[in-house]
There are 4 protein chains.
Amino acid sequence: MARAKSPEKRQAILQAAAREIAASGLGASTAKIAKGADVAEGTLFTYFASKDELFNELYLELKGEVYRRINAEFPYKATLQVRARHVWTESLNWSIERPEERKASVQLGVSDVVTVATRERIGSQQRGAVEETLGEIAARGVFKDLPPGFAASAMGAMQDAVIDTVARKPRQKAVLVEKGFDAFWRMAK
Amino acid sequence: MARAKSPEKRQAILQAAAREIAASGLGASTAKIAKGADVAEGTLFTYFASKDELFNELYLELKGEVYRRINAEFPYKATLQVRARHVWTESLNWSIERPEERKASVQLGVSDVVTVATRERIGSQQRGAVEETLGEIAARGVFKDLPPGFAASAMGAMQDAVIDTVARKPRQKAVLVEKGFDAFWRMAK
Amino acid sequence: MARAKSPEKRQAILQAAAREIAASGLGASTAKIAKGADVAEGTLFTYFASKDELFNELYLELKGEVYRRINAEFPYKATLQVRARHVWTESLNWSIERPEERKASVQLGVSDVVTVATRERIGSQQRGAVEETLGEIAARGVFKDLPPGFAASAMGAMQDAVIDTVARKPRQKAVLVEKGFDAFWRMAK
Amino acid sequence: MARAKSPEKRQAILQAAAREIAASGLGASTAKIAKGADVAEGTLFTYFASKDELFNELYLELKGEVYRRINAEFPYKATLQVRARHVWTESLNWSIERPEERKASVQLGVSDVVTVATRERIGSQQRGAVEETLGEIAARGVFKDLPPGFAASAMGAMQDAVIDTVARKPRQKAVLVEKGFDAFWRMAK
DNA sequence: GATGAATGAGGTTTCATTCAT
DNA sequence: TATGAATGAAACCTCATTCAT
């Protein structure tokens, strides 16, 4: 049998793609990505049929990482506030700890290369606990007068605000994450 | 004497740029933008030295439009809540009424083509009333424990949440704008 | 006004394309064609939207050249045999005098890049006299028992035989052209 | 001991090559050919050292098929006309029955990938009876005033005319093959 | 100032061939 | 021998920018 496709190489390409997108936007060239992953230009295309497919897979990968992180050690039995804080903190920390991945994720998110199909594939697997938690929040506070989904959007939005501020005041990271949640929670209370 | 540069043409190019960015991202070609503005390819470069300059000017223009709209009929003498609601409503309506401009604005915002210098130039003109209002909000509620600037980020972020939701439920636009503000205001109260 | 598109450049590209196709087949690269025409790689695409379009236009051009040559000084009033010999001789001489053009024409003819639409466009202009002559031939000799179009195919085919033979015995060119027609004419008599 | 090379696989590759060339010209990729033959990409190169070698072998194979068909049941003792008609009919039927092989054969024939050496190798094996027959024809009718080889070219050329016409009028296949020969024979009589 | 032809670097993707398995 | 992943040169084409008109 011939050489097997190497998961490490696939991963290296995805990581390089995230790095390049963070550095130069969606215009990042496949040539640079390949070089960044230390593979030949052509090799990229044995792992991903096209640049678009690579970008869609990357988006999935990045979103998946966050969900995996949240689900690990999820406090299923705790109060809503504790669970909400867990979701908030874990996803926020991921964004702050991996700024390149986050930047790539945002760029992909607002662009048209990520298809609806890709967006729909996200989390149908283990979005479970997060969705359940957000669903409970949506039934409370101001959110109960607003369409379902708004609470989730609002949490994401408030996290963006925290991230932006952390970028300007990195020292206050811990406080921002905590107080940021308190701010968000005011809406849910 | 040579012909003078026409402000109409400049405007047409900026509008076409916004349209093209909304349609195909920052990869939008100068050729298409020029065609969209009904001018020759080369003409674009007599109004803007480079694609990057065009995009920076566009960003400024788009942000400026929002500020101009907020400042028109600004209720200087009203209570903070009334003023805040004005800011919220006017900027949000702009985004909802002009989806292409907003999409372009977001894409430019998350990209690196818009320089720090450009971002700093924003509103140094007439941001006045908005800044004053947001400053007052920043000193209240949860925001007073958070760095200055967080309140502004939070409002922008919450507006994004509203816009996303309006995109999915256009019928509820009016309610969303109003209740969205109520949600935001809970944090400031 | 800007520079006008130069017919000379267009012609140079077409000629270079014929040369390159003769030399290396339809795989001839646009880069080499451009270089052969002494224009930049990109320039080729301001004259022809794609390689395929260039090749289709070239096919048209080559076929057109032959028809133009035949129609010049066409002996409209002469006997059928004289007119047929005129068609035979002129088109054959074109092929023999311009071996590269002919080679390109043949390669294009048997390939799929030349579309049906292109083939249909040929000669609808001035194919006139040729068609009329071939039509008369088709009604005579062995051809009258065969479908219309067969006579034309047969003439072309017999010319190919002559060209092949001239390639091997260039000295006998004149005799081959003449006796070749006599051979063909035997079928029409 | 190592496995022996399988003649079936070799044959499958040649057939797939013919099919692919018919479908997409000489640009047909070795990868597609391999897939069409149901072997791995690399396997193709254990049977043929290069794409060019494969194409040369294919040309030989295709020409060989025709000769084999003609030689089977060749009426050695019959009159010249009967023998000539046999050559005509058998080779023509092969072309008509196997359009892909013929198309590939033509494309290869007009291209430069098939070397002179390959062309010379053809039929040195069993071209015997055909050559003898064509030799006799070359000494008769109009052909006796033309170089040797012209008769053969002429027969091939007239067959092309028949094939072209059959492609347009498939119903008349039988008549075209027969009357086509009559047309050709007029030149030899 | 306005135009759009001209440019050539750079983009994505394909491909013949090699070679580890 | 068979496989198909790996390679990087080269293919076609796009594009920001320049400049003759």
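Per chain, numbering begins at 1; letters A, B, ... match sequence-line order. Keep in mind the model is a prediction, meaning the values are calculated, not measured.
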Legend entry - Interatomic distance where CG belongs to A/Leu44 and P belongs to E/dT14 [whole Å]: 12 Å
Inset, instruction - Whole angstrom is fine here: how far is it from CZ in A/Phe55 over to C1' in E/dG11? - result: 12 Å
Inset, instruction - Output the single nucleotide from F/dT3, F/dT7, F/dA16 whose closest atom is nearest the side chain of A/Ala40. - result: F/dT7
Inset, instruction - Return yes if a side-chain donor-acceptor contact under 3.5 Å exists between B/Glu61 and B/Gln11, otherwise no. - result: yes
Inset, instruction - Whole angstrom is fine here: how far is it from CG in B/Asp38 over to C1' in E/dG4? - result: 14 Å
Legend entry - Identity of whatever pairs with E/dC15 - Watson-Crick or G-U, under 3.5 angstrom: F/dG8
Inset, instruction - Begin with the C-alpha distance, continue with both residues' side-chain angles, and end with the deciding distance and a verdict on side-chain contact (heavy atoms from CB on, under 4.5 Å) for A/Arg98 and A/Glu65. - result: CA-CA 11 Å; A/Arg98 313 188 61 167; A/Glu65 273 182 33; 3.0 Å; yes
Legend entry - 5′-ward residue of the pair D/Ala49/C/Lys5 relative to DNA chain E: C/Lys5
Legend entry - Interatomic distance where CD1 belongs to A/Ile33 and C1' belongs to E/dG10 [whole Å]: 15 Å
Inset, instruction - Report the distance from atom CG of D/Asp52 to atom OG1 of D/Thr115, rounding to the nearest 0.5 Å. - result: 9.0 Å
Inset, instruction - Output the single nucleotide from F/dA16, F/dT21, F/dA6 whose closest atom is nearest the side chain of A/Arg3. - result: F/dA6
Legend entry - Spacing of C/Phe45 atom CZ relative to E/dG11 atom C1', expressed in whole Å: 13 Å
Legend entry - Gap separating the CD atom of C/Glu53 from the CG atom of C/Leu44, nearest 0.5 angstrom: 10.0 Å
Inset, instruction - Would you kindly check whether a donor in the side chain of C/Glu41 faces an acceptor in the base of F/dC13, or vice versa, at under 3.5 angstrom? - result: yes
Inset, instruction - Write down the distance between CD (A/Glu53) and C1' (E/dT12), rounded to a whole number of angstrom. - result: 14 Å
Legend entry - Sugar-phosphate only, base, or nothing, as touched by C/Ser50 at under 4.0 Å among non-hydrogen atoms: sugar-phosphate
Inset, instruction - Look at all strands and tell whether A/Ala28 reaches a base, only sugar-phosphate, or nothing, counting heavy atoms closer than 4.0 Å. - result: sugar-phosphate
Inset, instruction - Could you grab the distance from atom CD1 of A/Ile13 to atom CD of A/Gln15, nearest 0.5 Å is fine? - result: 11.0 Å
Inset, instruction - Could you check whether C/Lys32 gets within reach of a base, just the sugar-phosphate, or nothing at all, counting any heavy atom under 4.0 Å? - result: nothing
Legend entry - Pairwise 5' ranking along DNA chain E for B/Thr43 and A/Ser29, keeping only the more 5' one: B/Thr43
Legend entry - Gap between atoms CD and P, on D/Glu20 and E/dC15 respectively (whole Å): 11 Å
Inset, instruction - Return the nucleotide paired to F/dT21: Watson-Crick means purine N1 to pyrimidine N3 with N6-O4 or O6-N4, wobble means G-U with N1-O2 and O6-N3, both under 3.5 Å. - result: E/dA2
Inset, instruction - Could you check whether D/Tyr47 gets within reach of a base, just the sugar-phosphate, or nothing at all, counting any heavy atom under 4.0 Å? - result: sugar-phosphate
Legend entry - N/O (side chain, D/Thr30) to phosphate O (OP1/OP2, E/dA16) under 4.0 Å: yes
Legend entry - Interatomic distance, C/Lys35 NZ vs E/dG8 P [rounded to whole Å]: 11 Å
Inset, instruction - Kindly say if C/Lys9 contacts the phosphate of E/dA6, meaning a side-chain N or O under 4.0 Å from OP1 or OP2. - result: yes
Inset, instruction - Of all the heavy-atom pairs spanning D/Gly109 and D/Arg119, show the shortest one and how long it is. - result: O-NH1, 3.0 Å
Legend entry - A/Thr46 side-chain N/O to F/dA6 phosphate OP1/OP2 under 4.0 Å: yes
